[in-house]
Amino acid sequence: MNLVGELEKDLKVANVICMNGRRHLTSSRNEVSKDLLVTTTSKKKQALLDLLPILTEVRHALHMQMALETSVEEGNFSKSFQVLSEYLQLLDSLSELSAAQEMNRSVEVWLGTTLQKLDSLLLGVCQDFKKEDYITVVDAYALIGDVSGLAEKIQSFFMQEVLSETHSVLRTILQEDLENPNMQCNRLTYSDLCIQLPESKFRQCLLATLAMLFKLLSSYYAILSFQPDEKVLACHNPSWRQKKGNKSGVLGDSVREESCNSLTEDSAISAGTERGSVLSSVEKPSTTPSSCTKITGSNGSTLVDYPTDEARDDGTAASSSGSPWFELRKDAATFVSQTLQRGRKNLWQLTTSRVAVLLSSSAVSSSSIHQFLRNYEDLSLFILAGEAFCGFEAVEFRQKLKSICGNYFIAFHRQNIYALKMVMEKENWQIMPPDTIQVVSFAGLVGDGAALIASSNNSPSSQLLQSNRSVGSVEIRMKGSGFLHWLERGNPFSSKLNGCGTEKSDSFQLNGSTMHGESGNTDEMYQNSKSTQKISTGNDVNGGASLSEDENEDLHADFIDEDSQLPSRISKPNCLRHHSSRWNDEGMRAQTGSSLSLLKLMDKYARLMQKLEMVNIEFLKGICQLFEIFFHFVYVTFGQQNTHPSGKASEDLLPHRLKTAISRIIQECDQWINPQSASPISPNASFTHMDVTSTSPRSQLNSSSFGLKERCAGADTISLVAQLLHRSKAHLQSMLLQSNGAIVEDFYVHMVDAVPELAEHIHRTTARLLLHINAYIDRIANSKWEVKELGLEHNGYVDLLLGELKHYKTRLAHGGIREEVQDLLLEYGLENVAETLIEGLSRVKRCTDEGRALMSLDLQVLINGLKHFVSIDVRPKLQIVETFIKAYYLPETEYVHWARDHSEYSKNQIVGLINLVATMKGWKRKTRLEVLEKIESILS
């Protein structure tokens with residue numbers, strides 16, 4: 001039992017021990033469980049503690065991302081790229097995180113958008129330069145480290161602006177055309193649009209284009225000449241220069257490709273495909289921002305701002321020109337300036353090529369001379385401005401403008417010639433009334449008058465042209481610094497474009513009229529109504545009654561000017577008398593409708609020589625051609641007669657100079673004087689350039705029906721035209737280059753100096769036509785000269801000749817011509833009588849010595865009879881007949897010498913004399929042939 005009890009006791013003890021052990025095990029297990037839980041929590045805590053710096057960096061990156069967006073929205077691109085540098089370095093340190101990769105992708109989008117906005121700002125600077133915006137762009141690209149890309153982008157922007165803006169201006173103007181509301185302009189090229197440009201819209205388009213191009217050149221020059229101020233905003237802390245290398249390297253590699261790829265035709269920025277790889281390859285920063293300022297954003301989040309940017313935002317502090325930020329900006333601006341300096345020529349060439357395409361429009365040649373001169377003046381201004389801009393002469397564009405002026409001159413000259421020919425065809429050769437010609441002035445031709453369309457003294461374009469053509473202006477342009485002068489004066493084309501409605505009346509005076517009353521040449525008898533009003537100090541030019549203030553003075557206009565389409569008035573005669581009184585007395589007394597039209601045309605050409613200097617030689621040639629055509633017309637009308645007593649054609653007896661002049665005219669003006677080669681004028685042709693109208697009544701008279709008065713008027717009028725040309729010679733030479741002076745001299749030597757011979761030829765032909773004595777040649781030759789005894793009676797033809805001469809003198813006296821012309825024609829009539837006598841006597845077949853004495857008797861009776869009604873001494877005029885009669889008595893050995901000394905006799909007349917003498921004096925045949933052979937060799 002003891003054993004059982006002990007066993008039971010032992011079992012109880014064992015049970016207690018087991019219970020205690022179980023309790024201890026449970027307790028230990030609980031402790032271990034608690035320890036394991038603590039251990040697990042500690043590891044989690046440590047993991048979270050290890051993740052906290054990364055999360056802090058991510059949060060920092062988010063704040064920086066918000067700062068980037070905020071600064072871009074504020075337009076602070078420099079601050080954006082400064083933050084971007086730190087932001088890219090931070091993302092690079094978190095490159096293993098998927099969130100960082102997502103942020104990398106978002107920063108690519110942000111970068112594209114930012115560069116697009118920056119380029120939009122740059123494009124605005126190119127369109128209209130603003131210093132603050134340009135500084136913003138320069139600072140941003142300097143931080144990027146892509147200054148060369150900025151310079152290239154600026155040049156590319158300007159090139160694109162020239163192309164797009166010129167096209168836009170032309171398209172807009174064409175779409176405003178009410179006649180073509182459905183015109184599809186958007187799909188047409190610039191050259192195609194130029195072809196469709198109507199003449200009525202051309203000047204508006206030209207001014208708008210030039211104004212826009214000048215504005216672009218001004219912006220380009222402003223960027224080119226920009227230099228930072230001596231003091232700039234303090235934008236960076238002193239450690240910027242140490243950080244610049246690293247930051248610039250980061251942005252230089254990552255953003256440069258964005259900048260290069262951001263330039264598209266419409267200046268939009270598209271994200272590149274390499275951005276992810278570029279941004280992922282950014283190097284880790286060597287330093288991190290040491291301090292930053294926390295600010296609360298609009299959404300309650302905390303944004304990070306840096307001390308350097310805070311200083312930039314204040315704008316209160318300034319640093320000297322030696323600061324690192326100023327040096328960075330200055331270097332960038334200098335590099336851009338140097339690049340643009342080299343690219344000026346390319347921009348100018350593109351600009352001129354664009355204008356040249358516009359000038360290829362047919363509207364240029366179809367415009368009136370008034371509008372063409374305005375366009376030429378504007379283009380000349382543009383050329384001067386362009387030469388000052390680029391620093392060299394615009395040779396190609398000047399040549400293009402010269403070609404356009406040459407083509408315009410061809411059409412202008414052709415229509416003026418046709419107009420002059422129409423006037424000449426209807427010419428009746430009546431002298432113009434004094435009242436008609438007293439208001440006409442040729443001041444442009446003789447050099448003491450205004451230009452055809454003279455710029456007003458108050459016109460800005462006139463002042464610009466005068467100032468830029470002054471001494472030294474060319475030198476300034478060639479140095480490339482003269483464009484500042486144009487910038488100071490402003491855009492010369494915008495004012496014209498804005499005031500195009502009043503441009504015609506305010507900016508210019510028509511027809512060369514000046515404040516002193518000089519009239520011009522579009523219609524010499526007229527001048528602009530506004531200028532006339534100034535001259536007459538408020539009085540009506542046709543009356544003297546004052547115009548009411550409420551009354552439109554254009555209603556009192558006498559006519560509409562053909563060139564300017566402005567209401568104009570007939571000028572007062574006393575206003576012009578100061579300048580043209582001498583011409584009223586000396587030069588205008590014998591003007592006809594055709595000569596007046598010719599002088600008006602030549603005067604207009606002379607004025608255009610002053611305006612269109614680059615083609616003034618063409619206008620001089622035009623003056624020469626006009627005169628040559630008139631010269632030939634007068635010759636054909638009055639001098640081309642085949643009625644010489646000797647039977648020769650009149651061309652064979654012309655003086656050498658006159659014959660040379662006629663041959664030259666036929667050679668040079670064949671297309672105008674030959675009806676077969678001259679193209680006819682279309683009945684519906686619009687004479688845009690023509691301002692010449694016939695001032696004589698129309699008639700269908702031909703040259704054979706013109707009488708004494710008309711023939712004398714033809715000779716006088718071309719002589720007076722030649723006198724006016726002689727007076728204008730020095731002025732014409734002064735307007736030409738020295739190398740072209742020979743053309744003027746050649747024209748005067750061969751053409752103008754031949755006018756006296758033409759006038760003499762006309763008068764001789766007139767005398768020959770009016771004195772009908774050609775039939776007397778045969779009467780004289782057939783008279784009986786082989787007489788044996790000399791009687792007291794003369795031959796009957798002498799009385800008949802005296803009767804013809806009396807009738808001839810009576811016709812001259814009652815012909816309505818001047819006395820000096822009467823005396824001249826009477827002298828030529830006596831010379832015709834002498835020529836008729838010689839021709840008749842040279843045809844005598846047989847004659848004795850008594851017959852020769854009878855010839856002398858007839859001559860003496862004729863001389864005595866003429867003394868009764870001819871006031872001049874007639875013996876010198878008939879001395880040639882007496883010499884011919886006395887030659888009958890020469891020995892046979894003297895005839896060769898006599899023929900050599902007397903060239904006034906024709907070859908046939910001398911041969912007739914030799915044959916008569918040989919027959920009547922019994923010369924041997926051999927002797928006669930030898931004498932004739934010698935005389936033949938002399939006269940040939």
Side-chain angles (χ1 to χ4, degrees), residues 644-660 757 760-761 764 768 776-778 780-788 790 795 827-828 830-863 873-940:
H644 197 271
S646 62
K648 291 186 177 181
S650 59
E651 289 81 359
D652 297 334
L653 299 174
L654 291 177
H656 175 71
R657 177 174 291 176
L658 181 58
K659 185 184 294 185
T660 303
E757 295 186 358
E760 179 182 347
H761 177 70
R764 289 184 181 277
R768 196 173 297 118
Y776 288 87
I777 296 176
D778 293 335
I780 294 171
N782 296 329
S783 297
K784 188 176 181 181
W785 303 107
E786 195 175 5
V787 295
K788 295 182 179 180
L790 178 64
N795 285 312
E827 291 181 11
Y828 291 153
L830 293 175
E831 292 178 4
N832 289 338
V833 171
E835 186 67 28
T836 300
L837 290 173
I838 294 173
E839 186 65 26
L841 296 176
S842 68
R843 297 183 185 183
V844 175
K845 301 301 181 183
R846 298 187 66 82
C847 178
T848 61
D849 292 344
E850 291 77 6
R852 282 294 174 180
L854 181 58
M855 293 178 184
S856 299
L857 177 62
D858 291 345
L859 179 61
Q860 187 61 43
V861 172
L862 180 64
I863 293 174
D873 186 9
V874 298
R875 184 173 292 276
K877 298 296 181 181
L878 298 177
Q879 183 65 39
I880 185 175
V881 182
E882 185 177 356
T883 302
F884 189 82
I885 294 173
K886 291 180 177 180
Y888 181 81
Y889 303 105
L890 292 175
E892 63 181 63
T893 57
E894 295 296 325
Y895 280 101
V896 176
H897 301 287
W898 182 86
R900 182 185 297 111
D901 297 337
H902 294 79
S903 59
E904 63 270 18
Y905 304 110
S906 67
K907 176 183 175 181
N908 291 335
Q909 292 170 352
I910 295 177
V911 171
L913 175 64
I914 297 300
N915 289 332
L916 176 61
V917 173
T919 301
M920 299 309 296
K921 293 186 177 182
W923 287 8
K924 293 181 181 180
R925 183 174 180 274
K926 181 179 180 182
T927 303
R928 181 176 65 85
L929 293 177
E930 288 178 354
V931 172
L932 291 176
E933 183 179 355
K934 292 179 180 179
I935 293 176
E936 180 78 21
S937 62
I938 292 173
L939 298 180
S940 60

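Here, residue 1 is the first one in the sequence, and each next residue gets the next number.
- A donor atom on one side chain and an acceptor atom on the other are found under 3.5 Å apart for Glu835 and Gln909.
- We find the CG-CE distance between Asn795 and Met855 to be 9.0 Å, quoted to the nearest 0.5 Å.
- A side-chain hydrogen bond (donor to acceptor under 3.5 Å, both in side chains) check over residues 912-922, counting only residues at least two apart or in different chains, returns the pairs Asn915-Arg928.
- Note: Thr660 OG1 to Leu654 CG = 10.0 Å, rounded to the nearest 0.5 Å.
- Ring geometry for Tyr905 against Phe884 counts as tilted: the plane angle lies between 30° and 60°, on a 0 to 90° scale.
- Under the 4.0 Å criterion applied to side-chain N and carboxylate O atoms, Arg764 and Glu831 are assigned as salt-bridge partners.
- Put simply, the side chain of Val833 does not reach to within 4.5 Å of the side chain of Tyr776, judged on heavy atoms.
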Criterion side chain to side chain contact (heavy atoms under 4.5 Å, CB included) on Val917 and Tyr888, from CA distance to verdict
CA-CA 6 Å; Val917 173; Tyr888 181 81; 3.8 Å; yes
Between Glu936 and Lys907, is the salt bridge (charged side-chain N to carboxylate O under 4.0 Å, His left out) condition met? List the steps.
CA-CA 8 Å; Glu936 180 78 21; Lys907 176 183 175 181; 2.2 Å; yes
Check step by step if side chain to side chain contact (heavy atoms under 4.5 Å, CB included) holds for Leu916 and Arg852.
CA-CA 11 Å; Leu916 176 61; Arg852 282 294 174 180; 2.9 Å; yes
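- Considering every non-hydrogen atom in both Tyr895 and Ile935, the closest pair reads O-CD1, 4.3 Å.
- The two residues Arg846 and Met920 come nearest to each other via the heavy atoms CA-SD, 3.8 Å.
- Note that CZ of Arg768 and OG1 of Thr836 are 9.0 Å apart. Values are rounded to the nearest 0.5 Å.
- A pairwise comparison of heavy atoms in Ser856 and Ile885 identifies OG-CG2, 3.5 Å as the closest pair.
- Using modelled atom types and a 3.5 Å distance limit, the side chains of His897 and Arg900 yield a donor-acceptor pair.
- Ile777 is not listed as a side-chain neighbour of Leu837, based on a closest heavy-atom distance of 4.5 Å or more.
- What you find for Thr927 and Glu892 is that their closest heavy atoms are CG2-OE2, 3.4 Å.
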For a side chain to side chain contact (heavy atoms under 4.5 Å, CB included) check, start with the C-alpha distance between Tyr828 and Glu760, then their side-chain angles and the critical distance, and finish with the verdict.
CA-CA 9 Å; Tyr828 291 153; Glu760 179 182 347; 3.2 Å; yes
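- Within the model, atoms CG of Asp858 and CG of Leu841 stand 8.5 Å from one another, a figure rounded to the nearest 0.5 Å.
- To the nearest 0.5 Å, the span separating CG on Leu859 from CG on Leu854 amounts to 11.5 Å.
- Expressed to the nearest 0.5 Å, how far CD1 of Ile863 lies from CG of Asp873 amounts to 9.0 Å.
- A salt bridge does not link Lys788 to Glu850: none of the charged side-chain nitrogens sits closer than 4.0 Å to a carboxylate oxygen.
- Considering every non-hydrogen atom in both Glu757 and Leu658, the closest pair reads OE1-N, 3.1 Å.
- Leu878 and Ala834 get closest at one heavy-atom pair: CD2-CB, 3.8 Å.
- Salt bridge annotation for Lys934-Glu930: absent, with no cationic side-chain nitrogen under 4.0 angstrom from a carboxylate oxygen.
- Between Trp898 and His902, the ring planes lie parallel to each other; the angle is under 30°, not in the 30° to 60° tilted range.
- Side-chain contact between Leu913 and Ser842 is absent, with no heavy atoms from C-beta onward closer than 4.5 Å.
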May I have the step-by-step check of side chain to side chain contact (heavy atoms under 4.5 Å, CB included) for Ile780 and Arg843, ending in yes or no?
CA-CA 9 Å; Ile780 294 171; Arg843 297 183 185 183; over 6 Å; no
